[in-house]
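Only one structure is covered here, and it is reproduced in the block below.
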Amino acid sequence: MSKIQMKNAIAELDGDEMTRVLWKLIKDKLLLPFIDLKTEYYDLGLVERDKTDDKITYEAAAAIKKLGVGVKCATITSNAARMEEYHLTHLTPSPNGILRGELDGTIFRSPIFVKNIHSNVSSWKKPIVLGRHGYGDVYKNCEIKTPTAGKAELVFTGTDGKEIRKTIMEMKGPGILQGIHNLDSSIESFARCCFNYALDKKISVWFGAKDTISKTYDGNFKAIFQNIYDKEFKDKFEQANIEYFYTLIDDAVARVMKTEGGFLWACKNYDGDVMSDMIASACGSLAMMTSVLVSPNGEFEYEASHGTVQKHYYRYLKGEKTSTNPVATIFAWTGALTKRAELDNTAELKDFAEKLEKATLTTIEDGIMTGDLAKLANPAPVKIVNSWEFIDEIARRLA
């Protein structure tokens with residue numbers, strides 16, 4: 001059988017731990033036998049990022065901009081424990097934070113539904129798409145651990161030399177400080193991405209923040225969203241019979257638990273991180289959610305929305321074949337291949353990506369699944385398998 005040809009490459013960003021193991025397995029079993037796979041490879045494993053002082057991460061971001069499409073494996077964000085474990089020279093920032101900052105994108109996450117895995121929230125009948133701002137906030141923060149009592153100030157010096165200064169706190173003893181930021185231009189891109197995505201999918205948009213407490217920071221998000229909606233999207237939304245509304249983030253959470261779904265929930269960066277995990281878990285598993293970072297310039301970076309599955313990796317190192325769910329990582333690849341096919345007008349590649357997704361979901365619906373889904377399956381699973389067996393079952397159906 002001749003392999004499917006690709007016209008242009010995808011930026012391939014490898015990662016860490018158990019997801020790195022599955023990454024190679026997916027390529028070897030589900031992609032390379034069928035596709036003449038073209039990628040520009042970047043190793044974003046923690047050791048390589050440390051060795052290059054994150055130069056490799058910025059090179060990967062530039063490759064996504066150049067090629068238009070990237071696919072990323074889950075990666076470790078270092079902390080003190082990881083620094084000791086991996087013998088790092090320094091603490092490295094979040095690679096996702098760097099990529100999101102470089103692409104200035106919005107992350108769209110949506111649960112993957114299968115017939116025999118039912119949501120823990122009984123009212124949810126349709127997918128809830130999570131639109132997450134990909135820039136700033138805690139992922140681009142500046143932090144200080146203060147050793148003594150003292151005065152903490154927030155200072156801004158304009159290019160004209162004028163200074164704005166506010167006292168944060170007269171600290172009576174040691175403590176901690178954190179500074180976060182955002183840009184009007186990035187918030188505007190976030191709003192437009194969400195509204196355009198909603199129009200394309202014909203779904204309403206909810207936006208939740210906390211402007212009652214964070215009157216300036218969150219208030220700015222609220223004002224920019226409303227201004228762009230009123231000027232650029234209101235008439236289009238009315239013609240499409242969909243709506244936009246703003247509410248406090250705590251009210252949004254309460255409403256979400258009672259809705260039937262079928263809308264786009266726009267969230268600030270960290271809010272979106274937390275809420276997308278909640279939605280994914282309620283729909284079955286963190287490994288049952290798609291994730292794509294979309295830049296204002298039309299660049300796309302697909303990834304799994306979960307982490308590197310550290311505990312399974314340690315068991316794997318001891319020789320165990322773990323039952324780690326690879327679905328989100330498979331769908332990261334199919335998403336990137338589909339987008340590459342659309343940009344290059346290669347129908348055969350798009351058809352293959354659709355067949356791989358169908359083979360993956362059919363395997364689960366046939367009752368063959370990893371352990372994370374088994375407790376939620378109705379009817380009960382026919383067979384609980386490890387990751388290698390699960391991918392072999394997908395490959396058999398795909399072939």
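Worth saying up front: this structure is predicted, and the values here are computed from it rather than measured.
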Could you give all pairs that pass the salt bridge (charged side-chain N to carboxylate O under 4.0 Å, His left out) test and reach residues 230-240, with sequence neighbours left out? Arg192-Glu232
On a heavy-atom basis, which atom in Cys73 and which in Gly15 lie closest, and how many Å separate them? CB-N, 3.4 Å
Tell me, please, which residues at least two apart from His90 pass side chain to side chain donor-acceptor pair (under 3.5 Å). Asp50, Asp53
Table please: side-chain donor-acceptor pairs of residues 251-258 below 3.5 Å, with sequence neighbours left out.
from	atom 1	to	atom 2	distance (Å)
Asp251	OD2	Thr247	OG1	2.4
Asp251	OD2	Arg255	NE	2.8

Quick one: side-chain contact (heavy atoms from CB on, under 4.5 Å) partners of Ser387, sequence neighbours excluded? Leu22, Thr322, Thr324
I'd like to know if the side chain of Asn96 pairs up with that of Lys72 as donor and acceptor (distance under 3.5 Å, no hydrogens or angles considered). yes
Shortest non-hydrogen separation from Leu264 to Cys194 and the atoms involved: CD1-O, 3.8 Å
With distance as the sole criterion, is a donor-acceptor pair present between the side chains of Tyr41 and Asp14 under 3.5 Å? yes
Among all residues two or more places apart in sequence or in another chain, which pass the salt bridge (charged side-chain N to carboxylate O under 4.0 Å, His left out) test with Glu40? Lys66
Donor + acceptor pair across side chains of Ser204, Glu243 (<3.5 Å): no
How long is the gap from CD1 on Ile187 to OG1 on Thr106, to the nearest 0.5 Å? 11.0 Å
Test: salt bridge (charged side-chain N to carboxylate O under 4.0 Å, His left out). Region: residues 318-332. Which pairs qualify, not counting sequence neighbours? Arg315-Glu320
Would a line drawn from the ring center of Phe233 to the ring center of Tyr244 be shorter than 6.0 Å? no
Verify the neighbour count for atom OH of Tyr270: are there more than 12 heavy atoms of other residues, nucleotides or ligands below 6.0 Å? no
For Tyr229 together with Phe195, are the ring centres under 6.0 Å from each other? yes
Is Arg20 paired with Asp43 through a side-chain N to carboxylate O contact shorter than 4.0 Å? yes
Value rounded to 0.5 Å, distance of NZ in Lys51 from CG in Leu88: 12.5 Å
Look at the side chain of Asp344 and the backbone N and O of Thr346, then say whether any donor-acceptor pair between them is shorter than 3.5 Å. no
If you measure only the distance, is there a donor-acceptor pair under 3.5 Å linking the side chains of Gln178 and Glu143? yes
Let me check something: do Tyr58 and Leu91 share a hydrophobic cluster, defined by ILVMFWY side-chain heavy atoms less than 4.5 Å apart, either directly or through other members? no
Quick one: do Leu349 and Leu37 end up in the same hydrophobic cluster if we chain Ile, Leu, Val, Met, Phe, Trp and Tyr together by side-chain heavy atoms under 4.5 Å apart? yes
Closest heavy-atom contact between Val309 and Thr19? CG2-CG2, 4.2 Å
Is Arg82 salt-bridged to Glu17, cutoff N-O under 4.0 Å? yes
Between Lys355 and Glu348 (salt bridge meaning N to carboxylate O under 4.0 Å), is one present in this structure? no
Check the pair Asn241 / Lys202 against side chain to side chain donor-acceptor pair (under 3.5 Å), numbers first and verdict last. CA-CA 8 Å; Asn241 197 30; Lys202 299 294 186 292; over 6 Å; no
Asp16 bridged to Arg49 by N-O distance under 4.0 Å: yes
Does one hydrophobic cluster hold both Phe113 and Ile330, with members joined at side-chain heavy-atom distances below 4.5 Å? no
Please walk me through it: do Val382 and Asp366 pass side-chain contact (heavy atoms from CB on, under 4.5 Å)? CA-CA 8 Å; Val382 174; Asp366 286 346; over 6 Å; no
Tyr135 to Gly101 - nearest heavy-atom pair and separation: CD1-CA, 3.7 Å
Does anything in residues 158-168 form a salt bridge (charged side-chain N to carboxylate O under 4.0 Å, His left out)? List the pairs, not counting sequence neighbours. Glu153-Arg165, Glu163-Arg165
Flag if over 12 foreign heavy atoms under 6.0 Å of NZ, Lys358: no
Any pair counted as salt bridge (charged side-chain N to carboxylate O under 4.0 Å, His left out), so long as it reaches residues 217-227, sequence neighbours left out: Asp211-Lys222, Asp218-Lys268
Rounded to the nearest 0.5 Å, how far does CG of Asn227 lie from CD of Glu188? 8.0 Å
Treat each ILVMFWY residue as a node, draw an edge where side-chain heavy atoms are under 4.5 Å apart, and state whether Leu286 and Val129 are in one component. no
Under the salt bridge (charged side-chain N to carboxylate O under 4.0 Å, His left out) rule, collect the residues that match up with Lys24, sequence neighbours excluded. Asp28
Within a radius of less than 6.0 Å around NZ of Lys201, do more than 12 heavy atoms belonging to other residues, nucleotides or ligands occur? no
Does the structure place the NZ or CZ of Arg109 under 6.0 Å from the centre of the six-membered ring of Phe331, at an angle of no more than 45° from the ring's axis? no
Quick one: do Leu67 and Ile98 end up in the same hydrophobic cluster if we chain Ile, Leu, Val, Met, Phe, Trp and Tyr together by side-chain heavy atoms under 4.5 Å apart? no
OH (Tyr316) with more than 12 external heavy atoms under 6.0 Å: no
Tracing side-chain links under 4.5 Å among I, L, V, M, F, W and Y, which residues wind up in one group with Tyr42? Leu13, Leu44, Ile56, Ile64, Leu99, Leu103, Ile107, Leu293
Is there a donor-acceptor pair closer than 3.5 Å between any side-chain N or O of Arg340 and the backbone N or O of Met6? no
Per ring-ring contact (aromatic ring centres under 6.0 Å, His included), Trp206 is matched among Tyr246, Phe225, Phe263 by Phe263
Closest approach of Thr75 to Pro95 (non-hydrogen atoms, all atoms of both residues): OG1-CG, 3.1 Å
Could you go through Val205 and Trp265, starting from their C-alpha distance and side-chain angles, then the distance that decides it, and tell me whether this counts as side-chain contact (heavy atoms from CB on, under 4.5 Å)? CA-CA 6 Å; Val205 176; Trp265 184 8; over 6 Å; no
If you measure only the distance, is there a donor-acceptor pair under 3.5 Å linking the side chains of Asn220 and Asp184? yes
Check the surroundings of atom NZ in Lys145: do more than 12 heavy atoms from other residues, nucleotides or ligands lie under 6.0 Å from it? yes
Evaluate the ring planes of His133 and Phe190, with Trp represented by its six-membered ring, and classify them as parallel (under 30°), tilted (30 to 60°) or perpendicular (over 60°). parallel
Verify the distance criterion only: is there a donor paired with an acceptor across the side chains of Asp104 and Ser295 at less than 3.5 Å? no
Compare every heavy atom of Tyr86 with every heavy atom of Val47, then report the nearest pair and how far apart it is. CG2-CD2, 3.8 Å
How about Phe352 and Phe34: are their ring centres within less than 6.0 Å of each other? yes
When you check the side-chain N and O atoms of Thr92 and Ser78, is any donor under 3.5 Å from an acceptor? yes
Give a yes or no answer on whether the side chain of Asn386 reaches the backbone of Trp388 with a donor-acceptor pair at less than 3.5 Å. yes
Linking directly or through intermediates, with side-chain heavy atoms under 4.5 Å: list the remaining ILVMFWY members grouped with Phe156, chain and number order. Ile164
Sequence neighbours excluded, the answer for side-chain contact (heavy atoms from CB on, under 4.5 Å) partners of Thr363 is Ile368, Phe390, Glu393, Ile394, Arg397
